[in-house]
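Atoms within each ligand, like the ligands themselves, are counted from 1 in listed order. Residues take their numbers from the sequence shown, with the count starting at 1.
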Amino acid sequence: MAADGPPLAASQALAPPGPVPRHVAIIMDGNGRWARDRGQPRVFGHRRGAEAVRRTVTAAAELGIEFLTLFAFSSENWRRPAAEVGELMGLLRLYLLKEIAELHANRVRVKVIGDRAALPTDIVTLIEGAETRTAANTGLTLSIALSYGARAELANATRQIVADVLAGRLAADAVDDQAIAARLSTAYMPDPDLIIRTSGEQRLSNFLLWQAAYTEFVFLDGHWPDFERADLERALDAFRLRDRRYGASVG
Ligand code: FPP
């Protein structure tokens, strides 16, 4: 991937030893542009993007990251041409069919967040099978955001809170940060420490809006299909140099 900072060796030399972020989330952007730059159809970029997913999951586990969350398909992506949506669903189907055995052997726990009602039923069955099979694994937790939109997630949590208050299960004045977080699809994971976005765009695009309150961001210029372990390491180096104060004053 084209570097937008110092070469990896130099940035590694500069980076102080520090903790690996527990939770890294990635907005995998630029598959279409990557394909267009090569005179290929967008689907070509998505296919190569799926290969980058495989490499990244392996690298994240090896680097000691505990939670990796990948934005694979947003609630807005349904607006794309049917052929492209079909191709993306096909790649996700293939991933869930072909990769789960190896992920399971590597102790990866697989989870999927997002609106399952919108997904083809066979993919929902594959998701449920993958989640059940890997539920007890203690290695990396890989969460795939599929048909996911943070505003819809927050609206859903709000509906649950209203129902709980109306049913007398929850006092209105007990609705606090924790009550909301517990009703999000991400309740099982810590908030992301680091969000990486490829392809030069610098926005969140309805991804983990609540959870990203204190997240650090690293934006890379290269497109997702070119994403390599070295890019992940470079993002971790940048993260280690950040001063996270969570609203406190400079010490
Ligand atoms: C963004 O590129 C990428 C997507 C909308 C889909 C991401 C999907 C994959 C990486 C492949 C399948 C995923 C898994 C988990 C197996 P874009 O199409 O928006 O690119 P552009 O902005 O250049 O048009």
Side-chain angles (χ1 to χ4, degrees), residues 1-2 24-61 65 67-104 106 108-116 118-120 122-124 126-127 129-131 134 140-150 185 195-208 219-229 231-232:
M1 176 177 282
V24 176
I26 307 183
I27 302 174
M28 309 181 289
D29 198 10
N31 293 350
R33 276 164 282 175
W34 185 91
R36 188 198 57 202
D37 291 350
R38 287 155 181 80
Q40 298 285 341
R42 296 175 61 78
V43 42
F44 186 67
H46 293 318
R47 285 185 198 145
R48 295 295 282 268
E51 290 169 25
V53 167
R54 292 195 68 207
R55 309 194 272 280
T56 304
V57 171
T58 304
I65 292 165
F67 292 84
L68 176 69
T69 302
L70 301 177
F71 202 7
F73 193 89
S74 76
S75 42
E76 290 74 30
N77 286 155
W78 292 112
R79 297 189 202 129
R80 294 191 176 200
E84 185 177 350
V85 170
E87 184 66 37
L88 281 166
M89 289 298 140
L91 284 171
L92 290 158
R93 186 178 283 116
L94 213 60
Y95 188 80
L96 290 165
L97 269 169
K98 297 236 159 126
E99 303 293 332
I100 295 306
E102 192 179 330
L103 292 170
H104 185 47
N106 289 320
V108 175
R109 177 169 67 138
V110 178
K111 305 279 274 180
V112 173
I113 57 171
D115 177 18
R116 290 186 194 190
L119 294 170
D122 71 306
I123 292 191
V124 176
L126 288 172
I127 290 169
E131 288 185 333
T134 64
L140 174 76
T141 295
L142 168 65
S143 301
I144 303 173
L146 246 189
S147 191
Y148 173 87
S185 64
I195 289 181
I196 300 168
R197 182 169 186 151
T198 56
S199 221
E201 315 288 354
Q202 303 194 359
R203 55 176 171 265
L204 212 39
S205 299
N206 203 15
F207 186 47
L208 303 177
F219 300 105
L220 301 173
D221 285 336
H223 298 313
W224 175 251
D226 285 332
F227 192 84
E228 300 279 353
R229 180 192 172 111
D231 297 299
L232 181 59

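- Of all the heavy atoms of Arg42, the ones lying under 4.0 Å from any atom of ligand 1 belong exclusively to the side chain.
- Counting atoms of ligand 1 from 1 in the listed order, those under 4.0 Å from a heavy atom of Ala72 are 6 (C), 7 (C), 8 (C).
- Checked by atom type and distance alone, the side chain of Arg197 pairs as donor or acceptor with a backbone atom of Arg203 at under 3.5 Å.
- Remark: the backbone N or O of Arg54 is not paired with any side-chain donor or acceptor of Glu99 at under 3.5 angstrom.
- The single protein non-hydrogen atom nearest to atom 20 (O) of ligand 1 is Gly32 N, 3.0 Å, given as residue, atom name and distance.
- Assignment of Glu99 to the shell around ligand 1 is not supported, since no heavy atom sits closer than 4.0 Å.
- For Arg47, the heavy-atom gap to ligand 1 stays at 4.0 angstrom or more.
- Side chains of Trp224 and Ser199: no donor on one and acceptor on the other come within 3.5 Å.
- Every atom of ligand 1 is numbered from 1 in the order shown, and the set under 4.0 Å from a heavy atom of His46 is 11 (C), 18 (O).
- Looking from atom 9 (C) of ligand 1 to the surrounding protein, the closest heavy atom is Asn31 ND2, 3.7 Å.
- With a 4.0 Å cut-off on non-hydrogen atoms, Trp224 touches ligand 1 through its side chain and not its backbone.
- When hydrogens are left out, the protein atom nearest atom 19 (O) of ligand 1 is Arg80 NH2, 2.8 Å; that is the closest non-hydrogen contact.
- Side chain of Thr198 to backbone of Met28: no donor-acceptor contact under 3.5 angstrom is found.
- With values rounded to the nearest 0.5 angstrom, Leu204 atom CG is found 5.0 Å from Ile27 atom CD1.
- Close approach to Arg33 involves these atoms of ligand 1, each under 4.0 Å from a residue heavy atom: 21 (P), 22 (O), 23 (O).
- Arg229 places no side-chain N or O within donor-acceptor distance of the main-chain N or O of Arg55, the cut-off being under 3.5 Å.
- Residue Tyr95 approaches ligand 1 through these ligand atoms, each under 4.0 Å from one of its heavy atoms: 16 (C).
- Proximity to Asn77 (heavy-atom distance under 4.0 Å) selects the following atoms of ligand 1: 5 (C).
- For Asn206 (side chain) and Ala150 (main-chain N/O), a donor-acceptor pair under 3.5 Å exists by modelled atom type.
- With atom 14 (C) of ligand 1 as the reference point, the heavy atom nearest to it among Leu88, Thr56, Leu92, Asp29 is part of Leu92.
- Relative orientation of the Phe71 and Phe207 rings is parallel, given thresholds of 30° and 60° on the angle between their planes.
- The shortest contact between atom 1 (C) of ligand 1 and any protein heavy atom is with Met28 O, 3.1 Å.
- Within the 3.5 Å criterion, the main-chain N or O of Phe44 finds no donor-acceptor partner in the side chain of Arg48.
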